[in-house]
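See below for the structure under consideration.
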Amino acid sequence: MAPLRAPLLRVLAPLMPCLRLEACAVAALGGVRGAKSTTGIVGLPVVEDAREELKRQLQAVLDAVAIIPEAAEYRKSIEKTVRYKLSAAAGEAPDEQLEELLGRQLEEEIKMCKEELGLIPKMAEWAPWDVPEGHTIEFKEEQQVEGAIASGGAGQAPAPNKDTIMANALHDGAACFGHSTSTGSSSSLPHSCDERSSPCDQRAPPAQGLLDLAPLGPTPEQQPPLGAPSSSPPPSTHVSGMDAAANRHQPALLLFWSLASGTAAYVALEQRRVPPDLVLLLDSTFWLAAIACISFTEAWVKFRAPLLDRWRGVDVGRRVFRAQYAMESAMALTAAITLWIKANGNVQGALSLVLDPSGPGLLAAAAAVLVIEQAWVFPALDLRGAEMIATAASAQLEALTPEQQAYVAELQRVVAHRARPPPQLHYLSILLAFSRASMLAAFVWSQMLVLA
């Protein structure tokens, strides 16, 4: 075995990080940034040495905003947010924890800094904080007439106070122009916006500058120090609503496979008088095939599709692994029934079979490993996958349907204030999958020798 170990490790090494869904999710979210190959967001490439680049961009924003008057709320908000992010980036926490603290990947933060650098000169030109006393705002009422918008009823509204005007101007200015700088527009700040729903909201995407805090993260005032436990009570550990409805296939598949395999085993043993060892051989072969087809093949092959976003693949994988565990549980249940029948319903006889390390004991050990993975490892890694989906999808909300946006918002509520499981768990998941497959392969071989 020793001469074969080194070549075998060289062959398996490129596949190890992608053998499981959770490993792919971890590779996308953090771990070792040097091995990061994609951000999981279309059009957003990986930035080499992203932490240092982020610090440079944040400092550039801090320098650029100096052209804004010190009393302007826009400058105060920018400086407060930038200094907070700079202090976080200057810490000793790994990049993965920094991304969790900020609520975004470092590449997203860098992009937002560049967009803010394009916005600052325009804000200085528009000067929405400089509102003359007694300024009035013209508005028009809109009416829906046979599918068309009819305008009328122009009038003058009494001037609000200066603080209200400045707050509204900051909001509308960020919504209208915050991230339309790529069009090259340099028009002045408009002086007429509908009081109820600004037309700016209809022609510009939502602002995603430094003032737009991450949907998954609290504000700088609410954010605890790096590594400190959250003081907020954690929500339910289980995703509800749409995600729960999408996961209802697991109990249905468990029932289907249990009935199918259990009925086949019963008919073979009781009516056809097939030897129990042959039934156990077929059952364990199907069990091993499920692990080989999904854990060792589908889980990483789908991520090689160029048009599949990583976060979408992770969302698909969460369902696929539940289906795999349902099938594995059914195979384990069938093996238990077969062993019970083989022992003629005798408890001591069944225990002696289960404790045989060279035969059915391997099946019992594989079943125990499956229970550990389903009860402890997979729920934790599933939470990491949900967090990755919520983070990546929140940056593409405008491209999602209303139902998909509601699903993303639901995931955000579930993962909010939840402690992220350690990334080392995905290595344990890989180890558990290999151990189950090895035990089943050894049992299949032993059964073939028995029946030969």
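Below, all heavy atoms of this structure are taken into account, side chains as well, without hydrogens, waters or symmetry copies. The residues of the chain are indexed from 1 along the displayed sequence.
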*Identify which one of Arg104, Lys114, Arg51 satisfies the salt bridge (Lys or Arg N to Asp or Glu O under 4.0 Å) criterion when paired with Glu109.*
Arg104
*Does a side chain donor of either Thr391 or Gln105 reach within less than 3.5 Å of an acceptor in the other side chain?*
no
*asked:* Pairing donors with acceptors under 3.5 angstrom, does anything connect the side chains of Gln374 and Ser329?
replied: yes
Show me the donor-acceptor pairs, under 3.5 Å and distance only, between side chains in residues 56-67 and residues at least two apart or in other chains.
{"residue": "Arg56", "atom": "NE", "partner": "Glu53", "partner atom": "OE1", "Å": "3.3"}
{"residue": "Arg56", "atom": "NH2", "partner": "Glu53", "partner atom": "OE1", "Å": "2.8"}
{"residue": "Gln57", "atom": "NE2", "partner": "Glu53", "partner atom": "OE2", "Å": "2.8"}
{"residue": "Gln59", "atom": "NE2", "partner": "Asp63", "partner atom": "OD1", "Å": "3.1"}

_Going by side chain to side chain contact (heavy atoms under 4.5 Å, CB included), Leu106 matches just one of Leu98, Val47, Thr39. Which one?_
Leu98
Please examine the side chains of [Y] and [X], heavy atoms only from C-beta on, and report whether any two atoms are closer than 4.5 Å.
X	Y	value
Ile291	Gln324	yes
Leu381	His426	yes
Glu73	Trp129	no
Asp283	Phe443	no
Trp311	Val408	no
Tyr74	Ile120	yes
Leu254	Tyr325	no

Minimum-distance pair of heavy atoms, taken over all atoms of [X] and [Y]:
X	Y	answer
Gln97	Ala93	OE1-CB, 3.7 Å
Gly385	Val314	CA-CG1, 3.9 Å
Lys76	Glu70	CE-O, 3.6 Å
Leu383	Pro421	CD2-CD, 4.0 Å
Ser394	Leu397	O-CG, 3.4 Å
Ala292	Thr297	O-OG1, 2.8 Å

Is there a donor-acceptor pair under 3.5 Å between the side chain of [X] and the backbone N or O of [Y]?
X	Y	result
Glu107	Val46	no
Glu298	Cys293	no
Ser261	Thr334	no

Supply the atom-to-atom distance [X] [atom1] to [Y] [atom2], rounded to the nearest 0.5 angstrom.
X	Y	atom1	atom2	answer
Leu54	Glu99	CG	CD	10.0 Å
Met439	Leu370	CE	CG	11.5 Å
Leu119	Met112	CG	CE	12.0 Å
Leu431	Leu425	CG	CG	12.0 Å
Ser258	Met331	OG	CE	7.5 Å
Ile78	Glu116	CD1	CD	4.0 Å

*asked:* Holding to side-chain contact (heavy atoms from CB on, under 4.5 Å), I want the full list of residues that pass it with Pro379, two or more places apart in sequence or in another chain.
replied: none
*What residues form a side-chain contact (heavy atoms from CB on, under 4.5 Å) with Ala367, not counting sequence neighbours?*
Trp287, Ala332
Thinking salt bridges, do [X] and [Y] make one under a 4.0 Å N-O criterion?
X	Y	value
Asp315	Arg318	yes
Glu125	Lys122	no
Glu387	Arg384	no

